Amino acid sequence: MSVQKMLLVSLVVGVAFTVVRADDDMDEDEDEKRNTQVTIKTIFPELDSHNVQLVAGKETQALVNFENAAESTYQVEFITAHLASTAQADHVMQNLTGALVNRTVNQGESISMTYKFTPFKDIDPREYGLVLQVYFMTEDDERAHETAYNATVMVNDGSSAFDAQSVFLTIIVLGVSVFAYTTFKGDKKPASSVTARRQVSASPAPELGTTTATSNEAAYISNDHIKATRNRSTEGRSKSPKSKK
């Protein structure tokens with residue numbers, strides 16, 4: 001090969017490498033420009049954002065805000081999340097359920113999306129890396145994604161939380177039951193005592209020096225006995241006492 005051919009080949013290779021490198025730089029600049037014009041933030045309305053505590057087996061709600069500051073429209077497609085090892089970020093411990101969004105975000109607009117996920121009930125209670133990602137489509141039908149959340153969270157044992165809640169509810173139910181029982185029992189009066197007092201108050205008081213008999217007693221005494229008793233009473237009243245001389 002002559003020196004001229006060698007120089008020509010070197011020139012062609014150099015130009016090709018320069019063009020490829022320039023294209024890569026342009027793609028990186030476009031990605032960086034596009035990404036900086038999209039702002040995504042995530043909060044947990046029911047949790048402390050500075051110390052996120054998840055419960056194994058319990059659903060957690062995240063609120064994801066997507067803000068579009070670009071001169072184009074984006075189509076937000078879906079949200080995914082996973083729990084990773086804190087020692088090795090690429091070691092996924094659990095892929096959480098994805099959520100379809102399918103919402104359009106025009107220039108200068110922002111939307112809020114609710115994303116719910118549940119850690120495994122039997123997952124080890126310890127710290128994990130929680131990563132949320134939002135996937136969207138550009139006007140040129142190019143797919144892109146942004147990290148909505150990436151931080152260390154604590155996953156607590158769900159069984160211990162359930163036991164504590166069950167004990168608390170049991171105490172409340174027992175307290176209400178005891179209060180209701182004592183209240184109604186104190187207000188209720190025996191029916192026998194009330195009936196006895198009514199019967200005593202309804203009966204007329206007997207006259208002094210007389211006796212009373214019930215209807216059963218009067219029916220038991222014979223008529224002959226009653227007549228003999230009356231005759232003896234009449235004879236006693238007819239005799240007058242003798243005067244002393």
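Residue numbers run from 1 in the order of the sequence given. Predicted model only: the values in this text are computed from it and were never measured.
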Practice item. Could you tell me whether a side-chain N or O of Asn68 sits under 3.5 Å from a main-chain N or O of Val105, the two making a donor and an acceptor? Key: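 Indeed, once roles are kept as given, a pair shorter than 3.5 Å links the two residues.
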Practice item. Output yes when a side-chain donor or acceptor of Gln133 lies under 3.5 Å from a complementary backbone atom of Ile79, and no otherwise. Key: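 Not at all, since once roles are kept as given, no pair shorter than 3.5 Å links the two residues.
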Practice item. Indicate, with yes or no, if Met137 and Val76 share a hydrophobic cluster defined by side-chain heavy-atom contacts under 4.5 Å among Ile, Leu, Val, Met, Phe, Trp and Tyr. Key: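 No.
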Shortest non-hydrogen separation from [X] to [Y] and the atoms involved:
X      : Y      : result
Gln107 : Thr73  : N-OG1, 4.4 Å
Glu67  : Ser110 : CA-CB, 3.8 Å
Pro45  : Ile43  : CD-O, 3.6 Å

Review point. Sequence neighbours excluded, which residues qualify as ring-ring contact (aromatic ring centres under 6.0 Å, His included) partners of Tyr135?
Key: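 Phe78, His145.
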Check your understanding: Phe44: what forms a ring-ring contact (aromatic ring centres under 6.0 Å, His included) with it, not counting sequence neighbours?
Key ->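 With neighbours one apart ignored, the set is Tyr149.
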Practice item. Please list, chain by chain and in numerical order, all residues satisfying side-chain contact (heavy atoms from CB on, under 4.5 Å) with Asp140, sequence neighbours excluded. Key: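 Residues passing side-chain contact (heavy atoms from CB on, under 4.5 Å) with Asp140: Thr138, Glu142.
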**Study point:** Which residues share a side-chain contact (heavy atoms from CB on, under 4.5 Å) with Asp90, sequence neighbours left out
**Key:**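 So Asp90 forms a side-chain contact (heavy atoms from CB on, under 4.5 Å) with Gln88.
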Practice item. Go through the steps for Glu109 and Phe66 under the test side chain to side chain contact (heavy atoms under 4.5 Å, CB included), then give the verdict. Key: CA-CA 8 Å; Glu109 293 182 350; Phe66 186 99; over 6 Å; no
Counting only pairs under 3.5 Å, give me each side-chain donor-acceptor contact of residues 52-61, with atom names and distances, residues two or more places apart or in other chains.
{"residue": "Gln53", "atom": "OE1", "partner": "Asn156", "partner atom": "ND2", "Å": "3.0"}
{"residue": "Gln53", "atom": "NE2", "partner": "Asn51", "partner atom": "OD1", "Å": "3.2"}

Point to revise | Pair listing, salt bridge (Lys or Arg N to Asp or Glu O under 4.0 Å) test, anchored in residues 75-84, at least two apart | key: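 Residue pairs passing salt bridge (Lys or Arg N to Asp or Glu O under 4.0 Å), neighbours aside: Glu77-Arg143.
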Exercise for review: Go through the side-chain N and O atoms of Glu139 and Ser72 and say whether any donor and acceptor fall under 3.5 Å apart.
Suggested key: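 Absent: no donor and acceptor within the cut-off.
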